[in-house]
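Structure, as structure tokens:
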2 protein chains.
Amino acid sequence: MAIQITKETDYAIRCILYLIGMNGQVCTVGDISREQSIPYTFAAKIMQKLARAGLIESVRGVKGGFVLKRRPEEISLLDIVEAIEGPISMNICVLDRKSCDRQPRCPVHPWWVEISEVLRERLGEFTFDRILK
Amino acid sequence: MAIQITKETDYAIRCILYLIGMNGQVCTVGDISREQSIPYTFAAKIMQKLARAGLIESVRGVKGGFVLKRRPEEISLLDIVEAIEGPISMNICVLDRKSCDRQPRCPVHPWWVEISEVLRERLGEFTFDRILK
DNA sequence: CAAAACAGGATTAGATTAGTCCTAATTAGA
DNA sequence: TCTAATTAGGACTAATCTAATCCTGTTTTG
């Protein structure tokens with residue numbers, strides 16, 4: 001676990017980008033997988049996560065697929081990162097205080113809390129309306 | 001590779017913290033390993049990396065060990081993270097443009113460059129003199 | 001009811017992280 | 001000068017996580 005988003009998250013961003021480009025049209029996993037060069041079953045998993053997070057909506061059955069559920073300005077990098085990887089923290093101790101074995105207080109802990117928060121804020125500022133310009 | 005420092009980096013921070021607390025006294029890997037609960041051989045590797053990065057200095061032979069080479073205000077979280085994990089980038093494409101298969105331009109690329117830079121700056125602001133207060 | 005699609009659990013392969021082992025090289029001190 | 005304490009560093013192993021696949025089930029159009 002180094003300081004980098006996963007390939008899955010990178011794929012997820014491409015998925016959203018693709019849906020934005022399709023302007024409300026329902027797209028299948030097949031379309032997305034083909035156009036964005038993402039392995040089919042992996043793309044399917046990613047779309048499920050994005051749907052559970054409420055960023056996109058699934059339509060089941062023949063003629064089904066996925067559509068964007070929010071407008072581009074309502075979707076940020078943070079939304080996608082958290083939909084795929086879960087809550088952000090620069091060090092596990094931020095989310096799970098027990099994991100820090102240097103009880104009761106590690107002097108660096110508050111720094112990680114602060115840096116994690118800064119990163120969240122920044123990721124939240126990058127919304128997809130900005131990308132179209 | 002998710003957005004989080006590794007355990008090795010966390011250990012490295014403890015090593016520096018320990019040396020700072022020892023006020024210029026030469027400390028062995030044994031001391032550090034014992035006091036900070038880091039497996040001996042792993043701690044040895046970490047100290048080597050910190051030494052190569054110029055944060056600490058090694059003294060070989062009997063009575064040898066490690067000493068801080070810089071003052072606390074000259075050591076930041078960034079120095080340690082980069083000494084252990086190498087250059088920071090939120091997405092591989094920031095360091096290795098070739099790794100981005102969506103040539104020639106991915107619209108998200110400049111965002112990752114910017115976010116990586118913000119993170120570097122923030123990590124650089126946390127210097128170890130601040131921790132003592 | 002058949003075919004096209006999503007849902008989701010279980011599994012596998014590959015990469016990375018975490019940690020170990022072993023054999024030097026260095027040096028203080030008996 | 002020999003020995004013990006110590007760092008240097010390459011090779012290796014174990015554990016964990018990421019990336020990807022497989023399979024079975026459910027929904028829905030025509």
Side-chain angles (χ1 to χ4, degrees), chain A residues 1-15 19 25-34 36-67 69 81 83-86 89 91-92 96 99 101, chain B residues 1-15 19 25-34 36-67 69 81 83-86 89 91-92 96 99 101:
Chain A
M1 234 184 298
I3 306 176
Q4 212 166 71
I5 58 162
T6 62
K7 208 167 179 183
E8 187 180 12
T9 301
D10 191 72
Y11 285 159
I13 292 169
R14 295 192 207 167
C15 291
L19 286 186
Q25 195 183 312
V26 175
C27 302
T28 67
V29 170
D31 297 336
I32 296 163
S33 156
R34 213 174 312 108
Q36 298 289 320
S37 318
I38 302 169
Y40 182 88
T41 51
F42 201 23
K45 290 296 181 205
I46 291 168
M47 297 306 275
Q48 280 178 37
K49 287 192 189 177
L50 294 174
R52 274 189 228 114
L55 302 181
I56 64 180
E57 194 157 31
S58 75
V59 180
R60 299 188 67 166
V62 184
K63 302 264 174 188
F66 294 89
V67 219
K69 200 172 170 182
V81 170
I84 303 297
E85 308 189 8
S89 82
N91 197 347
I92 16 166
D96 171 25
S99 71
D101 47 6
Chain B
M1 234 185 297
I3 305 179
Q4 213 165 70
I5 58 163
T6 62
K7 206 166 179 185
E8 187 181 11
T9 301
D10 192 70
Y11 284 159
I13 292 168
R14 292 192 211 166
C15 290
L19 286 186
Q25 196 182 312
V26 174
C27 302
T28 66
V29 171
D31 296 336
I32 297 163
S33 155
R34 212 174 314 107
Q36 297 291 320
S37 319
I38 303 169
Y40 182 89
T41 51
F42 200 24
K45 292 294 184 208
I46 291 168
M47 297 306 275
Q48 281 178 36
K49 286 193 189 177
L50 294 174
R52 276 188 228 112
L55 301 181
I56 64 179
E57 194 158 31
S58 74
V59 179
R60 299 187 67 167
V62 184
K63 302 265 174 186
F66 294 88
V67 217
K69 199 172 169 183
V81 171
I84 303 295
E85 308 189 9
S89 82
N91 197 347
I92 15 167
D96 172 25
S99 71
D101 48 4

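Below, each value reflects all heavy atoms present in this structure, side chains not excepted, and no hydrogens, waters or symmetry copies. Throughout, a chain's letter reflects where its sequence line sits, starting with A, and its residues are numbered from 1.
The distance between atom CD1 of B:I3 and atom C1' of C:dT17, rounded to the nearest whole Å, is 18 Å. Look at CZ on A:F42: it is 17 Å from P on C:dA7, rounded to the nearest Å. Between A:I5 atom CD1 and D:dA19 atom C1' the separation is 14 Å, expressed in whole Å. Summarising the geometry, the separation between CZ on A:R34 and C1' on C:dA4 is reported as 13 Å, rounded to the nearest angstrom. Remark: C1' of C:dT16 and CD1 of B:I84 are 16 Å apart, rounded to the nearest angstrom. Rounded to a whole Å, the CD1 atom of B:I38 is 12 Å from the P atom of C:dT20. Rounded to a whole Å, the CD1 atom of B:I32 is 12 Å from the P atom of D:dT6. Separating the CZ atom of A:R14 from the C1' atom of D:dA19 is a distance of 13 Å, rounded to the nearest angstrom.
How far OG1 of B:T28 is from NZ of B:K63: 11.5 Å, rounded to the nearest 0.5 Å. Taking OG of B:S89 as the start and CD of A:Q4 as the end, the distance is 4.0 Å to the nearest 0.5 Å. Considering CD1 of A:I92 and NZ of B:K7, their distance stands at 7.0 Å, rounded to 0.5 Å. Between the OG atom of B:S37 and the CZ atom of B:R14 there is a distance of 6.5 Å, given to the nearest 0.5 Å.
With B:C27 as the partner, the side chain to side chain contact (heavy atoms under 4.5 Å, CB included) test is satisfied by one option alone out of B:I32, B:V67, B:I56: B:I32.
Listed nucleotides C:dG19, D:dA8, C:dA18 differ in distance to B:P39; the shortest reach to its side chain belongs to C:dG19. With C:dA7, C:dG8, D:dT7 as the choices, the nucleotide that has an atom nearest any side-chain atom of A:F66 turns out to be C:dA7.
Contact annotation: B:S58 reaches the phosphate of D:dA8 (side-chain N/O to OP1 or OP2, under 4.0 Å). Distances shorter than 4.0 Å separate some side-chain N or O of A:Y40 from OP1 or OP2 on C:dC6. Not one side-chain nitrogen or oxygen of B:K7 sits closer than 4.0 Å to the OP1 or OP2 atom of D:dT16. For A:T6 and D:dC17, the shortest distance from a side-chain N or O to OP1 or OP2 is not below 4.0 Å. Applying the 4.0 Å criterion to OP1 and OP2 of C:dG8, one finds that A:R52 has a side-chain N or O inside that range.
Between A:L50 and A:K45, every side-chain heavy-atom pair lies at or beyond the 4.5 Å cut-off. Using a 4.5 Å heavy-atom threshold, the side chains of B:E8 and B:F42 count as touching.
Between A:C27 and B:E8, the one whose closest nucleotide on DNA chain C sits nearer the 5' end is A:C27. Each of A:T9 and B:G65 was matched to the nucleotide of DNA chain D holding its nearest heavy atom; the match closer to the 5' end belongs to B:G65.
Here the side chain of A:S33 pairs a donor or acceptor atom with the backbone of A:I38 at under 3.5 angstrom.
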Next item on the list: If a protein heavy atom is under 4.0 Å from the base, mark B; if only from the sugar-phosphate, S; if neither, -; do that for nucleotides 23-30 of chain D going 5' to 3'.
Entry: --BBBBBS

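Residue-level contact check: B:Q48 touches the bases, meaning some heavy atom is under 4.0 Å from a base atom.
Taking only distance into account, the side chain of A:K45 meets the base of C:dG9 through a donor-acceptor pair shorter than 3.5 Å.
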